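See below for the structure under consideration.
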Amino acid sequence: MNLQTLFKITAIASALALAGCGGDIEVNPTVNDNSVNNSNNSSGGGETPTDPTGDNLCASYNGLQGAFDGRDCEYNLEFASRNVEITEDITFAELPDGGVHVFDGALLIGEDCDTTTTCTINETGPVVTVEPGATLAFTSGEAIVRVARGAKLNAIGTFAKPVTFTSANAFTRFDVVGNGPRFADWGGIIVNGQGITNQCTDAQRDANTCNVSSEGIVSYYGGNDNADDSGSMKYAKIWYAGSGPRAGGDGDDLNSLTLNAVGSGSSYEYVHIHQGYDDGIEFFGGAANVKRVVFTDTQDDSMDIDAGWQGNAQFLYIKHGTVNVDGTDVFMGNGGFEADGEKNSGPEYSQAPTSRPTIANVTVVTTDGLSTRDNDPSTAMKFDDNFQGQLYNFLLVKDDVATNDTRCILFTGDGELGVVADGLNFFSSAMACVAENEFTSAALLPDGSTRQEWFDNGGVNARLGGNATVFAADGFATDMTSADITVTADDLSALGNDYFETVDYIGAVSSDDTSSEWYQWVEAALAAAEQD
């Protein structure tokens, strides 16, 4: 993309565009003329514009540097593309005056490697650092951020200055068509780790030949180290990413954040994923941990678990809603969770058990709509493929089934297999759903219980119905004074797991906690989604 167009932006239009990307960037009320040819980076022989101090503020590696026009940095296909793998450390800093790092193509960190060939994984691969306040924007649906095994992505912002990954169309000066940002504008983030996935046999792991092809755009992941470290994210926004079914067929899609066998050395905290066209976060095995994540208007599943994920998660807020597409409101959201246990099972996969995470303090707010992506219903929880897990302090909400009679909990395929020997359980959780049609089946679960008996778990959980008052006046925090919430929160201290913080409420956020960063992170995320 050549930034040669005259960008005459009023302060109001610019502010609205930036608010769509999180609203954390201040705009000076001036009219800008950014008519600069940035088709060459500093290695291309052309003159690179600089800031008034004479410095080019763009990222660089191996003699290449982005082109700086005094506000934004542009990275052409010589700098970053699906044919260029960056093998040196690289840093993206916050740019002054609301500047953005803009990419025409993919950003590939580290060398991809199929260990059955002559290559070897670089265990001390490059590190990409995204500093507080930095914004990376992408112009193409094929543009992804891909982190190879051995490399790291450290995108660590602050509450006041989060890092942002978004569509270039979120900024009026880059939006050539003028339709604004939308789901599937760019590909999303793929992190490939060396953790354990039941997509490989024990023999492959032992021989260091576990090489699973990632969805969407092929790269390789997997290994035998569930403590692997692929970097971490904190105070980060991932907006308008993902894709629908690609040439490979259903399921071969790009997510907002794909964690392929990423180990527990990595963590993802204070993240807002918005309007992704496939899944919000999809886990393929590994043991990465997530905490304080908001998902708004993700088209497919917000949390998609598969292939033996063994991690922990706490404080997740998931809200399905609608977005306006060409003047029509369309529904966004399939599963709050699509929880799958195993791709393969049997003696040859004994080192890679089914998915069995521990997850606590979750709110899922669903609709009665059918998604614009595939006409599937909005469902809080879907269980498949012998998924197992221990689920604490969940609050599942659906207050409308007037049109499509959609469900809160759904077992598909062999999802019921997890309900055996205490493999899959809710604790201290409430289902506030207007109709309990998810439990109309007369078939017993594998442990001999009915669906009602399984969810109620001896009275530990409660089914409240759709008219229950569960939210405070803010519309999202669990109402700590509600007479309708009859379950007692599990304080999680008995888990013996230091990852989990002690709580006194069900759901993701408490009405007694309005001064915390987490409350304010959720509040800001929901407000931004409502305006988008």
Side-chain angles (χ1 to χ4, degrees), residues 280 293-296 298 301-305 313-321 331-339 357-369 371 376-384 387 389-401 404-412 415 418-419 424-441 451-457 459-472 475-479 482 484-490 503 505-511 522 526:
V293 182
V294 182
F295 304 84
T296 52
T298 294
D301 308 307
S302 295
M303 285 276 289
D304 194 334
I305 299 165
Q314 189 177 20
F315 307 123
L316 308 177
Y317 200 101
I318 297 169
K319 189 174 190 299
H320 295 168
F331 284 98
M332 302 285 284
N334 290 162
F337 282 73
E338 181 173 344
T358 301
I359 305 174
N361 291 97
V362 174
T363 298
V364 184
V365 181
T366 63
T367 70
D368 188 41
S371 76
D376 277 353
S378 169
T379 303
M381 309 287 295
K382 294 186 288 185
F383 298 115
D384 199 0
F387 175 84
Q390 306 304 301
L391 313 177
Y392 295 84
N393 300 331
F394 274 58
L395 177 59
L396 311 180
V397 179
K398 184 186 293 287
D399 61 9
D400 176 19
V401 291
N404 296 304
D405 198 29
T406 54
R407 307 180 182 192
C408 263
I409 296 177
L410 177 65
F411 289 102
T412 61
V419 186
L424 175 61
N425 293 294
F426 282 96
F427 301 94
S428 298
S429 296
M431 184 168 58
C433 297
V434 66
E436 294 187 356
N437 56 327
E438 63 270 17
F439 292 133
T440 57
S441 172
R451 282 156 173 73
Q452 295 93 331
E453 290 170 335
W454 164 75
F455 182 83
D456 293 349
N457 197 8
V460 171
N461 308 308
R463 292 172 282 123
L464 309 179
N467 296 318
T469 298
V470 295
F471 292 135
F476 67 88
T478 301
D479 184 354
S482 171
D484 292 336
I485 298 177
T486 56
V487 297
T488 301
D490 190 309
V503 294
Y505 58 91
I506 69 170
V509 60
S510 166
S511 63
V522 177
L526 295 177

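Predicted model only: the values in this text are computed from it and were never measured.
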### Message
Between F476 and F471, is the ring-ring contact (aromatic ring centres under 6.0 Å, His included) condition met? List the steps.
### Response
CA-CA 6 Å; F476 67 88; F471 292 135; 8.0 Å; no
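- Residues V503 and Q314 form a side-chain contact, since some pair of their non-hydrogen atoms from C-beta on lies under 4.5 Å apart.
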### Task
With side-chain contact (heavy atoms from CB on, under 4.5 Å) as the test, would you mind laying out the steps for T296 and L526 before giving the verdict?
CA-CA 7 Å; T296 52; L526 295 177; 3.8 Å; yes
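- At least one side-chain heavy atom of D456 sits less than 4.5 Å from a side-chain heavy atom of R463.
- For the pair S482 (side chain) and T469 (backbone), a donor-acceptor distance under 3.5 Å is present.
- Here the SG-CG distance, from C433 to D399, works out to 9.5 Å after rounding to the nearest 0.5 Å.
- N393 places a side-chain N or O within donor-acceptor distance of the main-chain N or O of D490, the cut-off being under 3.5 Å.
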#### Entry: Full working for side-chain contact (heavy atoms from CB on, under 4.5 Å) between L396 and M381
CA-CA 9 Å; L396 311 180; M381 309 287 295; 3.9 Å; yes
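- Residues T379 and C408 are not in side-chain contact: their nearest non-hydrogen atoms beyond the backbone lie 4.5 Å or more apart.
- Below 30°, between 30° and 60°, or above 60°: for F411 and F383 the angle between ring planes is between 30° and 60°, a tilted geometry.
- No donor-acceptor distance shorter than 3.5 angstrom exists from the side chain of D304 to the backbone of G280, with no hydrogens or angles considered.
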### Message
Does V365 form a side-chain contact (heavy atoms from CB on, under 4.5 Å) with Y317? I'd like the steps, not just the answer.
### Response
CA-CA 8 Å; V365 181; Y317 200 101; 3.9 Å; yes
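- Within the 4.5 Å cutoff, the side chain of I485 has heavy atoms near those of the I506 side chain.
- Judged by distance alone, the side chains of H320 and S378 do bring a donor and an acceptor atom under 3.5 Å apart.
- Of the possible polar contacts, one joining the S429 side chain to the F427 backbone as a donor-acceptor pair under 3.5 Å is found.
- D400 CG to T406 OG1: the interatomic distance, rounded to the nearest 0.5 Å, is 7.5 Å.
- The aromatic rings of F455 and F426 sit tilted, their planes meeting at an angle between 30° and 60°.
- F337 and F394 have tilted rings, their planes meeting at an angle from 30° to 60° on a 0 to 90° scale.
- Formation of a donor-acceptor pair under 3.5 Å by the S511 side chain with backbone atoms of T478 is found in this model.
- The closest side-chain donor-acceptor pair between S371 and N334 falls under 3.5 angstrom.
- Within the 3.5 Å criterion, the main-chain N or O of G369 finds a donor-acceptor partner in the side chain of T367.
- Salt bridge annotation for D368-K398: absent, with no cationic side-chain nitrogen under 4.0 angstrom from a carboxylate oxygen.
- Under the 3.5 Å distance criterion, the side-chain polar atoms of T366 are matched with a main-chain donor or acceptor of V397.
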